[in-house]
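See structure below.
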Amino acid sequence: MASAANTNLNAVRETMDVLLEISRLLNTGLDMESLSICVRLCEQGINPEALSAVIKELRKASESLKASENCTN
Amino acid sequence: MAHWSTFDKETEKETKRLIKYFTGIEDEEDQNFQLALKFAWSNFRFHRYLDVNTHKVQRSLTGIYEKLMVHSDLSKAESWKRLTEEFVNSPLPNTDGTKSDAHYSLLSLLLFLSGSPSNTDFTERPRVKEAEEEDKFDWASYLMEGEDIDNGPYPDTPEWSEEESDDDDGQQPISREDSGIQLDRTPQEDQDNNNNKTVPVSWTVGEPDARVWLEQHVVTPYWVAHAPRFPHSLHLHSNLLNVWDQHLYNTDPLYLPEEKAFVTETQVIRETLWLLSGVKKHFIFQHHDGKVSVRNNVVVTHLTSNCLRSVLEHIAVYGQAVFRLQRFIDEPPFRTYQAFVWALNKYFTSFKKELTTIEKELICNDETVTLSAVLDRLNPHLAQIKVLHKVFCTGVAEVPPETPNVVRASHLLNTLYKAIIEYDSVGEASEQAVALLFSLWTETVRPYLEIVDEWIVHGHLFDPAKEFIIQRNKDVPVNHRDFWYATYTLYSVSETVENEEKLNDAASGSSGGDQGSSNRQLTMVSFLKPVLKQIIMAGKSMQLLRNLDCKETEQSDRSSRDAERKSLYTLFLESVQSRLCSQDESPTDTITEQQATKRSLIKMQSIIAQHLEIEDVHDPLLAINFARLYLQQSDFHEHFSGGDFIVDRSSQAVTCQTFELTLRSCLYPHIERRYIECCGNLMKTLKKDYKLLEYLQAMRNYFLLEAGDTMYDFYTAIFDKVQEKESWQQLSFLNVQLQEAVGQRHPEDSSRLSVFLEPIDPARKKHPVNNLEVLTLSYKVPWPVDIVISSECQKIYNQVFLLLLQIKWAKYSLDTLRFSDFTDVTKKLEGALGEEVKVKEPINQQIHRMCLLRVKLMHFVNSLHNYITTRILHSTGLEFQHQVQEAKDLDQLIKIHYRYLATIHDRCLLREKVSFVKEAIMKVLNLVLIFSDRWQAGFGAWKIESIDKMESDFKNCHMFLVTILNKAVCRGSFPHLESLALSLMAGFEQC
């Protein structure tokens with residue numbers, strides 16, 4: 001049983017690796033951690049388009065926040 | 001509702017993480033965080049986007065592929081296609097199945113997020129993917145399975161010979177030739193035509209130079225368990241082991257392949273060389289309590305394990321021999337063993353030189369070195385090691401540890417000696433062994449010869465470890481009377497010659513207190529046996545000489561002579577050298593000589609065959625052997641007379657005949673010369689400075705009455721006293737008489753001579769003639785002459801002296817009788833008893849008979865006296881003097897003296913065996929004394945019966961003696977008795 005779980009784990013790990021490669025190829029700017037968050041969200045049925053919009057928005061907001069912080073500093 | 005809430009919670013948690021990740025705000029209470037969360041939630045829940053369309057996503061994927069293709073980004077396009085296809089066919093963590101909506105939603109997410117993929121530099125990306133594939137599938141190990149990649153722990157490599165690092169760097173990279181196996185082209189190699197014999201994939205990562213260096217200089221740690229296997233050819237010849245194993249596996253259902261340690265032949269050769277050079281720690285060979293065994297599971301690929309094992313076990317035997325010999329070298333206890341060890345060490349030095357040469361060649365890699373070739377090359381050495389080990393076992397190892405050193409040393413020398421003789425008898429086949437043993441022997445014998453040298457030159461037996469066969473008894477001082485007999489102990493008499501030795505010893509009266517207990521097997525040092533007596537004589541003589549105050553001239557010479565003197569061992573070696581060199585001059589002659597020998601052998605054979613046929617014998621083998629025998633003899637004679645022995649100097653081969661001859665011509669003469677010199681000196685000193693001859697003469701003068709006038713004065717005084725019936729047995733009277741007699745003529749001896757009275761057995765006192773036996777004459781002989789004239793000798797002298805004295809007494813008694821005694825009596829009788837004519841006649845008759853008896857007795861006594869003084873004592877004395885002049889050593893002199901005494905003792909009939917003859921003579925002498933007593937007592941004192949009795953007694957004794965002596969003479973066993981027998985017979989016939 002443990003070995004079956006292991007093989008599954010390895011398979012998933014491999015899938016994630018492949019996905020990361022695709023992400024890199026597409027130049028999405030996602031790393032393994034963010035990718036795994038996205039995978040979990042997508043599996044929970046979050047619309048990918050919405051998710052991508054949120055991510056883009058968050059990036060933008062954080063950038064502007066950082067810029068404003070830099071300015072204030 | 002609960003389901004929703006948990007779902008929401010999950011989603012909310014993920015969303016928070018998402019926000020945290022992208023914004024970097026960790027505080028959830030942060031205003032911005034809350035804003036972002038609200039924004040995300042609203043977007044997730046209340047969006048107006050369409051659900052994911054699989055087809056649409058698929059189209060996009062194809063579109064991107066096409067786009068990449070259009071951009072000529074082939075590798076990227078290829079990777080893209082493969083990756084996406086793989087992804088959709090891979091499982092997701094919380095989604096069942098493949099190609100699900102989740103897959104496509106993820107892909108679409110990425111597509112939405114993508115930013116101009118065609119413009120980005122993507123060259124590196126696919127490689128990461130491939131690397132991942134490598135992790136999964138180890139191509140290097142897969143392709144290079146069984147190849148030697150040299151990834152062992154380099155610093156842990158064991159003993160590393162210096163030569164190895166000296167290797168020139170221009171060597172080829174490691175190849176199969178390194179293993180000693182011929183490189184053969186395998187089909188595999190023919191396929192990949194590039195000639196790079198070894199460039200494993202993984203090596204390209206490191207620095208190639210360093211790899212090559214390591215490859216050349218580092219040995220695979222074959223000694224660790226599960227060592228990586230080395231590369232080897234796939235050719236059938238190189239895989240015999242596998243083939244054989246396969247065969248065994250196929251034919252034997254129970255066959256279990258064992259764990260094996262693979263080594264190369266080079267490694268085997270090296271370990272063999274190390275083993276033979278005495279290294280103790282090996283992988284292939286193992287040491288257990290001094291025994292060398294072969295590790296079980298060691299194999300090479302091109303031999304079956306049994307085959308390799310048999311070869312290695314063969315080597316292990318020699319390895320063990322080397323090991324034992326080496327261990328012995330570490331702890332030699334005394335000089336003979338030390339010398340032996342030194343000789344062994346010399347041999348091993350040369351042997352190791354040879355081993356090193358082989359190892360260097362092996363390292364150079366210039367030519368093929370195989371195990372069998374190495375063994376072939378070492379074969380003569382191995383044979384020698386075998387011989388050495390055999391000698392070591394019998395000579396040293398098998399001797400029990402508590403054995404005294406003398407036995408151990410002599411046993412070792414004996415073993416070597418016997419081994420030389422033994423191998424020599426094999427002939428040319430063992431020339432090498434004989435040469436080796438001979439050199440070993442000459443080294444080992446050194447301490448013995450040095451001890452002998454010290455002893456016979458300086459008279460000092462220096463042997464602290466007590467290893468020499470002769471040892472000094474400490475408790476006997478040199479100036480003691482027993483020095484000559486009891487000073488030295490001769491050990492080690494071999495069983496076979498024991499009896500002979502003892503006889504010799506007893507006869508020579510030489511040293512040899514302890515003959516060695518016969519129950520223990522002791523051995524004699526054979527090589528010294530022919531000269532042992534000379535050594536003992538020379539040694540003892542030298543010691544005696546040193547202790548005598550000999551001439552000053554010699555003393556002064558000695559120191560100067562000592563400086564330029566060569567030791568016995570040096571002389572021996574020089575002689576051997578010159579003897580071996582004599583062959584060098586005519587090396588070509590040997591061959592022609594051999595041919596000539598062969599020819600003459602054939603000729604001789606035909607001659608002998610003819611001879612045999614005359615005797616009706618048809619045996620060609622016999623003929624050949626006879627022919628060979630004759631040839632050998634003639635050869636031997638030629639060589640011997642010519643003084644030219646065939647001895648090959650280079651190989652130091654010494655044949656059987658010549659080995660003994662070598663000793664005879666190289667060692668014994670030196671000892672012999674020294675012996676003659678020493679003993680000659682001693683004899684000279686004893687005769688000249690210590691007046692040995694004068695003392696011997698004095699013994700004869702006083703004991704054997706050769707100084708007639710002196711002793712006459714002494715004994716007549718006693719006889720006169722007896723005749724006057726006075727007591728003569730007074731010590732003072734006797735000594736005064738003796739001193740007076742001797743003092744007049746030999747004043748130097750008067751102080752040495754004395755007389756003692758010894759009470760005698762009352763049983764023997766019955767006859768008057770025995771009264772003299774209480775007398776004992778003594779002569780004080782000073783040291784060192786008392787070695788020759790011992791107290792035992794004086795006892796014999798005394799016996800003869802007493803006999804002579806008894807005869808002299810009888811003779812004196814008869815001589816002093818006067819006829820006038822009778823004439824007075826006759827006249828008196830005529831006057832007083834004129835009328836008694838009857839009586840007169842018998843008186844005259846009686847007187848006449850008395851006179852006749854007196855004459856007969858006188859004849860008898862005179863004959864006896866004559867016989868003893870002239871026939872025996874004088875002539876034997878002359879012989880003795882002659883022999884004394886010729887005596888070479890003290891022992892011989894002692895022997896001659898003893899023999900002389902034994903002879904006179906024997907011929908004076910004093911021997912126990914012929915006591916009945918002496919008894920008869922004593923009876924007659926007694927009769928003489930009684931007769932003279934009666935004569936002097938006067939006519940009236942005796943009767944006719946007593947005359948009858950005396951006559952008959954005398955007649956009986958006389959007849960008995962004549963018969964006995966005649967018998968002895970007729971037998972011819974006692975020629976000296978002839979004169980006595982004849983004169984007695986003459987007297988008897990007249991009766």
Side-chain angles (χ1 to χ4, degrees), chain A residues 4-73, chain B residues 7 10-11 14-15 17-19 21-25 32 35-36 39-40 43-45 47 49-52 64 68 76 79-80 82-84 86-87 90-95 100-117 119-120 122 124-126 128-129 132 136:
Chain A
N6 270 343
T7 51
N8 193 34
L9 205 67
N10 285 334
V12 170
R13 206 169 280 147
E14 274 169 35
T15 313
M16 287 306 291
D17 285 333
V18 174
L19 196 61
L20 185 65
E21 282 314 302
I22 297 168
S23 152
R24 280 177 182 165
L25 198 146
L26 291 173
N27 196 20
T28 56
L30 295 176
D31 60 5
M32 200 45 145
E33 196 182 347
S34 53
L35 198 61
S36 51
I37 296 166
C38 292
V39 168
R40 276 192 284 270
L41 285 168
C42 282
E43 279 184 307
Q44 283 165 15
I46 304 299
N47 188 291
E49 212 171 343
L51 184 56
S52 71
V54 168
I55 288 171
K56 280 176 185 170
E57 204 58 41
L58 282 174
R59 276 179 180 160
K60 229 184 274 173
S62 71
E63 260 171 33
S64 61
L65 191 69
K66 273 174 192 163
S68 65
E69 272 176 9
N70 281 345
C71 288
T72 49
N73 285 341
Chain B
F7 182 76
E10 280 291 326
T11 315
E14 287 303 324
T15 314
R17 283 174 67 181
L18 186 78
I19 293 162
Y21 179 78
F22 280 108
T23 58
I25 302 164
N32 290 329
L35 270 173
F39 171 71
N43 267 294
F44 289 164
R45 284 181 181 170
H47 61 82
Y49 304 116
L50 295 172
D51 280 348
V52 178
I64 287 173
L68 288 169
K76 214 194 268 185
S79 302
W80 172 253
R82 199 175 62 244
L83 286 166
T84 48
E86 201 184 328
F87 174 68
S90 301
L92 281 170
N94 296 313
T95 313
S100 65
D101 283 353
H103 285 94
Y104 286 104
S105 66
L106 272 165
L107 281 174
S108 70
L109 168 72
L110 295 179
L111 286 170
F112 284 125
L113 284 171
S114 72
S116 59
N119 289 341
T120 50
F122 198 65
E124 299 254 321
R125 309 279 164 115
V128 181
K129 155 96 176 103
E132 183 220 355
K136 194 173 72 181

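Chain letters run A, B, ... following the sequence lines, proteins first, then strands; residues in each count from 1. For the numbers below, each heavy atom of this structure counts, side chains included, while hydrogens, waters and symmetry mates do not. Quick caveat: nothing in here was measured; it's all calculated off a predicted structure.
From B:H103, atom NE2 reaches atom SG of A:C42 across 11.5 Å, with rounding to the nearest 0.5 Å. To the nearest 0.5 angstrom, A:E33 atom CD is 6.0 Å from B:Y21 atom OH. With rounding to the nearest 0.5 angstrom, the CD atom of B:E10 is 11.5 Å from the CD atom of A:E43. Residue A:L35 holds its CG atom at 8.0 Å from CG of B:L109, rounded to the nearest 0.5 Å. Taking OG1 from B:T23 and CD from A:E57, the interatomic distance works out to 13.0 Å, rounded to the nearest 0.5 Å. To the nearest 0.5 angstrom, B:S79 atom OG is 8.5 Å from A:E21 atom CD.
Of the two parts of B:D101, neither the backbone nor the side chain holds a non-hydrogen atom closer than 4.5 Å to a non-hydrogen atom of chain A. Heavy-atom distances place both the backbone and the side chain of B:F87 under 4.5 Å from chain A. Contact of A:L19 with chain B is made through backbone and side chain together, with heavy-atom distances under 4.5 Å. Both the backbone and the side chain of B:I19 come within contact range of chain A, with heavy atoms under 4.5 Å apart. Heavy atoms closer than 4.5 Å to chain A are found in both the backbone and the side chain of B:T15.
Taking chain A as the reference chain and counting heavy-atom pairs below 4.5 Å, the highest number among B:A40, B:P93, B:S100, B:A36 is found for B:P93. The choice from A:L58, A:N47, A:V12 that makes the most heavy-atom pairs within less than 4.5 Å of chain B is A:N47. Of the listed residues B:G24, B:S108, B:S90, the one with more heavy-atom pairs under 4.5 angstrom with chain A than any other is B:S90.
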| task | Output, in order, the C-alpha distance, side-chain angles, deciding distance and verdict of side-chain contact (heavy atoms from CB on, under 4.5 Å) for B:T11 and A:I46. | result | CA-CA 9 Å; B:T11 315; A:I46 304 299; 3.5 Å; yes

| field | Stepwise side-chain contact (heavy atoms from CB on, under 4.5 Å) test for A:T15 and B:L106 | value | CA-CA 12 Å; A:T15 313; B:L106 272 165; over 6 Å; no

| request: Check the pair B:F22, A:S62 against side-chain contact (heavy atoms from CB on, under 4.5 Å), reporting the backbone distance first and the verdict last. | output: CA-CA 7 Å; B:F22 280 108; A:S62 71; 5.7 Å; no

| task | Check the pair A:R59 / B:L113 against side-chain contact (heavy atoms from CB on, under 4.5 Å), numbers first and verdict last. | result | CA-CA 11 Å; A:R59 276 179 180 160; B:L113 284 171; 4.1 Å; yes

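More than 12 heavy atoms of other residues, nucleotides or ligands lie within 6.0 Å of NZ in A:K56, so this atom counts as buried by the packing criterion.
For the pair B:T84/A:L25, no side-chain contact is recorded, criterion being any heavy-atom separation below 4.5 Å from C-beta on.
The shortest non-hydrogen separation linking B:L18 to A:C38 is CD1-SG, 4.4 Å.
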